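Here is the structure we will look at.
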Amino acid sequence: MSLSWLVSSSVGSKVCFEGIGEGFYPTIQSFKFKERLIFSRMKPGLIQYEQKTFKLPEEIPMHAEVGFFRIIPPSNTSTTLEEKSSNHNKPSIEFICSHPNGLVEIDVGKEEEEENKLILDSFALNRSPTSKPPYTTAIRRVFEMKNVDKEEGKQEMVLLVNTYMSTSTHTELTHHLTSELKRIDF
């Protein structure tokens, strides 16, 4: 089942990741934050997403997001050998996410299951009438479960999360956020 490397395929299963991240962008001063992500498998093909960040060192709430990953089965309409052997046979992932600043994003992408990786690019972005500029114009999110080297040659499994964006004042897709999160009990 898709994204089983992220959250168990059992309906009702829930997982929490927490760690430290860094934010940067050409128009702002760099900052550090604590991040918490919760993924809950609601039913086959649907995962609920909750994200919260906290300013460090005070751990004051900074940002939050809520949304859903929709796993869309591959189409059985592939007719050529090339289509059958390409990404057409992989499920696509839709990510619907709401932000407190008035932004609603719909991202689409494909899971790279053999690499425990998901890459999503914005398909549609919309804003509430009261959201303020600069406006986000494109987003790319990369989730990757990976072994990383720690002290004394030990390795640890972590979730790496990287976000890229462009805005109405900086139109090039630019790395904005990175975090390294560990699975925690909650």
Side-chain angles (χ1 to χ4, degrees), residues 1-17 19 21 23 25 35-51 53 63-99 103-127 136-148 155-167 171-183:
M1 177 175 286
S2 288
L3 300 180
S4 59
W5 52 268
L6 186 60
V7 60
S8 167
S9 58
S10 301
V11 171
S13 58
K14 197 180 241 190
V15 64
C16 182
F17 294 91
Y25 204 67
E35 182 170 36
R36 180 178 305 128
L37 298 179
I38 299 173
F39 299 91
S40 307
R41 190 157 311 257
M42 306 293 291
K43 62 181 185 176
L46 185 65
I47 298 170
Q48 183 179 3
Y49 165 86
E50 300 172 60
Q51 183 266 11
T53 57
H63 182 74
E65 301 171 352
V66 293
F68 297 92
F69 290 91
R70 297 179 62 222
I71 301 160
I72 311 303
S75 169
N76 291 327
T77 60
S78 301
T79 55
T80 68
L81 184 57
E82 182 181 344
E83 285 178 336
K84 289 181 179 180
S85 63
S86 70
N87 276 349
H88 293 284
N89 283 337
K90 289 185 178 180
S92 62
I93 310 290
E94 296 176 350
F95 179 55
I96 297 92
C97 183
S98 178
H99 302 248
L103 176 68
V104 177
E105 71 180 275
I106 299 173
D107 302 339
V108 294
K110 298 276 185 186
E111 174 181 26
E112 297 177 18
E113 202 166 354
E114 60 281 350
E115 297 179 33
N116 294 338
K117 188 176 194 176
L118 174 62
I119 300 171
L120 299 161
D121 288 300
S122 53
F123 173 78
L125 299 171
N126 213 336
R127 295 176 290 281
T136 302
T137 57
I139 296 174
R140 171 174 289 151
R141 293 175 183 259
V142 180
F143 297 88
E144 182 176 17
M145 192 73 73
K146 193 172 190 172
N147 273 319
V148 296
Q155 287 197 327
E156 183 174 48
M157 186 66 77
V158 298
L159 178 62
L160 303 175
V161 182
N162 286 284
T163 304
Y164 303 78
M165 73 174 191
S166 63
T167 68
T171 58
E172 184 178 331
L173 195 62
T174 304
H175 199 191
H176 174 46
L177 303 168
T178 187
S179 55
E180 184 176 299
L181 310 175
K182 298 176 192 174
R183 185 177 176 151

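Heavy-atom basis, side chains included; hydrogens, waters and symmetry copies ignored. Everything numeric in this text was worked out from a predicted model, so none of it was measured.
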With heavy-atom distances below 4.5 Å as the criterion, would you say the side chains of [X] and [Y] are in contact?
{"X": "I119", "Y": "R140", "value": "yes"}
{"X": "I47", "Y": "L3", "value": "yes"}
{"X": "R70", "Y": "L46", "value": "yes"}
{"X": "R36", "Y": "C16", "value": "yes"}
{"X": "L125", "Y": "L103", "value": "yes"}
{"X": "K117", "Y": "V142", "value": "yes"}
{"X": "Q51", "Y": "H63", "value": "yes"}
{"X": "T137", "Y": "T171", "value": "no"}

Can you check whether [Y]'s main-chain N or O pairs, donor with acceptor, with [X]'s side chain at less than 3.5 Å?
{"X": "S98", "Y": "V66", "answer": "no"}
{"X": "R183", "Y": "V15", "answer": "no"}
{"X": "S13", "Y": "S8", "answer": "yes"}
{"X": "S122", "Y": "I139", "answer": "yes"}

query = Any idea how F39 and F143 line up, ring-wise: parallel (<30°), tilted (30 to 60°), or perpendicular (>60°)?
reply =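 Correct class here is perpendicular.
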request  = Fit a plane to each ring of Y49 and F69, take the angle between them on a 0 to 90° scale, and name the class: parallel (under 30°), tilted (30 to 60°) or perpendicular (over 60°).
outcome  =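 Perpendicular, since the angle between the ring planes exceeds 60°.
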Could you report the tightest heavy-atom contact between [X] and [Y], atom names first, then the distance?
{"X": "S92", "Y": "K110", "answer": "CB-NZ, 3.9 Å"}
{"X": "W5", "Y": "E111", "answer": "NE1-OE2, 2.6 Å"}
{"X": "I93", "Y": "S2", "answer": "CD1-CB, 4.4 Å"}

Inter-residue atom distance [X].[atom1] - [Y].[atom2], 0.5 Å rounding:
{"X": "N126", "Y": "T136", "atom1": "CG", "atom2": "OG1", "value": "12.0 Å"}
{"X": "E144", "Y": "L159", "atom1": "CD", "atom2": "CG", "value": "9.0 Å"}
{"X": "L160", "Y": "N116", "atom1": "CG", "atom2": "CG", "value": "11.0 Å"}
{"X": "T53", "Y": "E65", "atom1": "OG1", "atom2": "CD", "value": "8.0 Å"}
{"X": "D121", "Y": "E105", "atom1": "CG", "atom2": "CD", "value": "10.5 Å"}
{"X": "Y164", "Y": "T178", "atom1": "OH", "atom2": "OG1", "value": "7.5 Å"}

key: Result of checking V161, L181, V158 against F17 for side-chain contact (heavy atoms from CB on, under 4.5 Å)   =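 Answer to the side-chain contact (heavy atoms from CB on, under 4.5 Å) test with F17 among V161, L181, V158: L181.
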ask   = So with a 6.0 Å cut-off around CD of Q155, is the heavy-atom count from everything else above 12?
value =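 Yes, enclosed.
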ask   = Considering residues, nucleotides and ligands other than R127, do more than 12 of their heavy atoms fall under 6.0 Å from its CZ?
value =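 Yes, the 6.0 Å shell around CZ holds more than 12 heavy atoms from other groups.
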